[in-house]
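Each chain gets a letter, A, B and so on, in the order its sequence line appears, and its residues count up from 1. Keep in mind that the numbers below use all heavy atoms, side chains included, and drop hydrogens, waters and symmetry copies.
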2 protein chains.
Amino acid sequence: MENKQITILGAGLVGSLLSIFLAKKGYQVTIFERRPDMRKAGAIGGRSINLALSHRGLKALDAVGIKEKVQENCIPMPGRMIHDLEGRLDFQPYGKEGQFINSVSRGGLNELLVNEAENQGVKVEFEHRCTDVDFESASATFDNGSTVKADFLFGADGAFSALRSAMQKTDRFNYSQDYITAGYKELSMPPTADGDFALDPGALHIWPRGEYMLIALPNLDKSFTCTLFFPFEGPISFEALKTESDVTAFFHNKFRDAVPHLTHLEKEFFENPTSSLVTVRCDPWVKGNTALIGDAAHALVPFYGQGMNAGFEDCFVFNQLLEKHGQINDSLLTEYQSLRIPDANAIADLALYNFIEMRDKVADEKFILQKKIEKKLNQLHPDKWVPLYSMTTFSDFRYSEAWALGRKQQAIMDKVLDQSGIEENWENLDFEGIIHELN
Amino acid sequence: MENKQITILGAGLVGSLLSIFLAKKGYQVTIFERRPDMRKAGAIGGRSINLALSHRGLKALDAVGIKEKVQENCIPMPGRMIHDLEGRLDFQPYGKEGQFINSVSRGGLNELLVNEAENQGVKVEFEHRCTDVDFESASATFDNGSTVKADFLFGADGAFSALRSAMQKTDRFNYSQDYITAGYKELSMPPTADGDFALDPGALHIWPRGEYMLIALPNLDKSFTCTLFFPFEGPISFEALKTESDVTAFFHNKFRDAVPHLTHLEKEFFENPTSSLVTVRCDPWVKGNTALIGDAAHALVPFYGQGMNAGFEDCFVFNQLLEKHGQINDSLLTEYQSLRIPDANAIADLALYNFIEMRDKVADEKFILQKKIEKKLNQLHPDKWVPLYSMTTFSDFRYSEAWALGRKQQAIMDKVLDQSGIEENWENLDFEGIIHELN
């Protein structure tokens, strides 16, 4: 084995999972993490509190034998629960019977992965902030002045990656960071006085309101974590809600059925941070003896629940390539980035696209009708017509293939939904003809 | 006047022109330039040797009263001279009779502008590399440890701007850097043995070859500066030409009539640098009491000859806004970026688009036919149909409007050129009908 010593920057979800894959292949792995040990009391947490773990992430966890252990800490969400202005509910399954996504705590999952990494012999050094990288010697310099050399170095150090920042200064590095005009704020929804979930825990709750939305994911302690996705500026925006009574009035007006459960609404609204949402794309991901992985290579907006899943799939694919090539060499690295860059760009597009779907379309009659028609198409030809959400969330389709096929399907569905009287007559559609159009 | 003291980072073309505009309005301006004084012997030059100065640039120079002085050092180029594989020539005028672009030396123009700036009382500090900026206090820290505070600070410090780099680390700063797959290399074409121009100096010469091209611009000393735009990698690329005899054979094969004049071809090919070509876009351009201008805000690929012209137009527009608002304040800055960001994005698109036109389409029969038809349309309705190249190069149309209108015109022309027999019958076209389609 050529590259025996591996440095990983970042002990987040992707860095720690990657270290397990590599340790199991016999590499000596050291992770350097900027933050203090998250397992110690008082450590400052990462970003959002809970995440949606789905097929691609589970597949990667399964490959290192910890899927079941993780699933013990998951809450299955088989569908979305749409809340309208009057508080009426509409449950929309995400996929078929038995398919679901999983609400999981970021912090809890991260601790489990770091513990598992250490069990596999990985060394984790906290409070080491990388200040510089040398690509050829795979060496990283840290804020304590030390420099560590390895045979290969991964940047799994997130959306503001130090490795990527070093790469960006080199010639011919393509890079973009794009913020959407909305930001987000987390709000807590504690258990009821009876100690029960305030809402049905078997769903991801959405209050879609066109230009903005509130969502809620269940936690193991029977609370929900709510997230308001909301414009930064404009007539309805974070900027426009200036006082506690502005907030109270707005929430009563727009999220009426959530308000009784948001027991610290006004306080949290002004005390919790407002965070921005960025998409990062870059090319190449590999330079000398270093490579980017996870958010460092492709930060996504959160609307497809695929950020962690995409990062875990990066690890899964890298591990497959390691088995194919036998070692980390130029052919492996070339194949890694030529496979994953188009997929990362596709899931970045999909995540942006799904913001519009979640905040707006899920409440739309045509959208609901489309879901019905697509369900029927999938029942008739499960191998030929898989709805885009299912391809992305419940399949091994490459993201880039799912996105290309999804756009083709949408063009066909747009024509179908344009037919007059479709609301009444959809069951008499020429389903075979629709399937045929796909070829 | 509120903002009396102005710092400008960068004494390049845009920084020095901006300083003249501001000095003429009574501001006390200091420019800090990373490089040594270009007026002293031995100073390392900037990037490309000559540039194409056209209407937008001249308009800005005229506004500070130095247009004539600059034009004395210009060589007018009223058209392109296309060289085919056999060395046959085809002259294509850029616009109407009397319209031309100007070949001008970057170094010479820069010196003239810096001299003029100093004449206007601008202080220019060379060999000051900015290492950090504070947005609110408009202060810049330099590599000699000094920090200079002003009332307002401009980053006119080019494609790798220190101000933009500081902005990029702040939240919600949208940014992209995109390299094309081709690079460029400059080659010299000295005067002939008789001391004359080797080619007709009244044209920008192009050897369009599909995926790559050679161009040549005349210099005052009767030499030409040639630039090869060529893929970095691939079967025909910088990487593929490994030996002097590879280069000789390739040039003889593809640029036959240029070779006798490229007297140091093989030596220069391997000794001169191969440079990359980047498009930089960002948003916002303003933060606190600082603003980006010129390449720092919008680096372009060079194929429309508009990089300097766009930067000079930034200065012209800023000066107009200064006259409108009376001082540098929030309304001026908001208007500056809301006007110029869409225009910068449009000229960035146009410059990328024109690479394809220059290296490929100019040698195409349909392209030449389109030029004829558009010329006729323009003669019939000079106020309604202006060819895209003319709108960009010879008019005050906003770049964003020119680009939108140009795409509309191209869609109409694509249909016209698709008609069978168009080559023979174009003079019988329904020209009024075509003009009508534009509405």
Side-chain angles (χ1 to χ4, degrees), chain A residues 34 47 129 131-132 157-162 164-185 229-234 237-239 273-287 298-299 301 330 334 337-338 341 344-345 348-349 352, chain B residues 34 47 129 131-132 157-162 164-185 229-234 237-239 273-287 298-299 301 330 334 337-338 341 344-345 348-349 352:
Chain A
R34 187 171 50 83
R47 295 167 312 160
R129 187 171 68 82
T131 55
D132 200 17
D157 48 346
F160 302 97
S161 167
R164 198 189 61 228
S165 176
M167 285 186 180
Q168 203 197 306
K169 289 178 197 124
T170 66
D171 195 27
R172 298 179 69 205
F173 186 73
N174 298 298
Y175 173 73
S176 71
Q177 58 185 44
D178 281 296
Y179 289 83
I180 60 171
T181 54
Y184 71 94
K185 189 181 285 286
F229 295 96
F230 207 48
F232 277 102
E233 292 99 14
S237 69
F238 284 115
E239 190 189 55
T274 307
S275 305
S276 56
L277 295 158
V278 69
T279 302
V280 171
R281 305 174 199 246
C282 63
D283 180 5
W285 288 5
V286 172
K287 193 159 184 69
H298 52 76
V301 294
D330 284 350
T334 302
Q337 61 180 345
S338 67
I341 293 176
N345 285 329
D349 288 343
L352 287 164
Chain B
R34 188 171 50 81
R47 295 166 313 160
R129 187 171 67 83
T131 54
D132 201 16
D157 49 344
F160 302 97
S161 168
R164 197 190 62 228
S165 176
M167 286 185 179
Q168 203 197 306
K169 289 177 195 126
T170 66
D171 196 27
R172 299 180 68 206
F173 186 73
N174 298 298
Y175 174 73
S176 72
Q177 58 184 44
D178 281 296
Y179 290 83
I180 61 171
T181 53
Y184 72 93
K185 188 182 286 286
F229 294 97
F230 207 48
F232 276 102
E233 291 100 14
S237 69
F238 284 116
E239 189 189 57
T274 306
S275 305
S276 57
L277 295 157
V278 70
T279 302
V280 170
R281 302 172 200 249
C282 62
D283 180 4
W285 287 6
V286 172
K287 192 157 186 72
H298 52 76
V301 294
D330 284 350
T334 302
Q337 60 181 345
S338 67
I341 293 176
N345 285 330
D349 288 344
L352 288 164

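Contact of A:F160 with chain B is not made at all, since no heavy-atom distance falls under 4.5 Å. At a 4.5 Å heavy-atom cutoff, B:T279 makes no contact with chain A through either its backbone or its side chain.
Between the side chain of B:D178 and the backbone N or O of A:N174, no donor-acceptor pair lies under 3.5 Å.
Your options are B:K169, B:Q168, B:R172, and the one with the most heavy-atom pairs under 4.5 Å with chain A is B:R172.
A 6.0 Å sphere centred on CG of A:D171 holds more than 12 heavy atoms belonging to other residues, nucleotides or ligands.
With sequence neighbours excluded, no residue forms a salt bridge (charged side-chain N to carboxylate O under 4.0 Å, His left out) with A:D283.
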